[in-house]
A.B. asks: 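First the structure, which I've put down as structure tokens, then a few questions once you've had a look.
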Amino acid sequence: MKKNWSTMPERTPLMKTRTRRVFDPKEKITAVLSVWTETKKMTQVCREMSVSWALLDQWQNQAMEGMLAALSPKRPQTTRELPPRLQKLIDRKLSGGNLVKLEKRLKTIQSKAN
């Protein structure tokens, strides 16, 4: 079905365009905490604030991300360097005969199984 655009009324300065509502952070926090503390149900909060369920869910996700960011360590975790003597010992064990011996033993066990 085609719309006849010529019959549509043109916008006049008197027609108001829909503006986006802005919620105060305190309103968002109150809404999220009332759901989290089970004081109110999500549907009740949505109805009282005239917001969609998806928007309230988005606020909950943002609150959770904010808490995780606030509670995460401030300094990046640095790995400690191993003492050179210990590092040499580990390298020797990995590249040394132990690994080669284990591989040979594994091959003999596999060949006997076949």
A.B. asks: Scan residues 23-33 for pairs that pass salt bridge (Lys or Arg N to Asp or Glu O under 4.0 Å), counting only residues two or more places apart or in two chains.
C.D. replies: none
A.B. asks: Treat each ILVMFWY residue as a node, draw an edge where side-chain heavy atoms are under 4.5 Å apart, and state whether M64 and L71 are in one component.
C.D. replies: no
A.B. asks: Does any pair with a residue in residues 42-72 pass ring-ring contact (aromatic ring centres under 6.0 Å, His included), and if so which ones, sequence neighbours excluded?
C.D. replies: F23-W59
A.B. asks: Compare all side-chain heavy atoms of Q44 with those of V35 and state whether any distance is below 4.5 angstrom.
C.D. replies: no
A.B. asks: Enumerate the side chain to side chain donor-acceptor pair (under 3.5 Å) contacts for residues 29-40, please, sequence neighbours excluded, ordered by first and then second residue.
C.D. replies: W36-Q60, T37-T39, K40-E48
A.B. asks: How many angstroms lie between atom CZ of R21 and atom OG of S50, to the nearest 0.5 angstrom?
C.D. replies: 5.5 Å
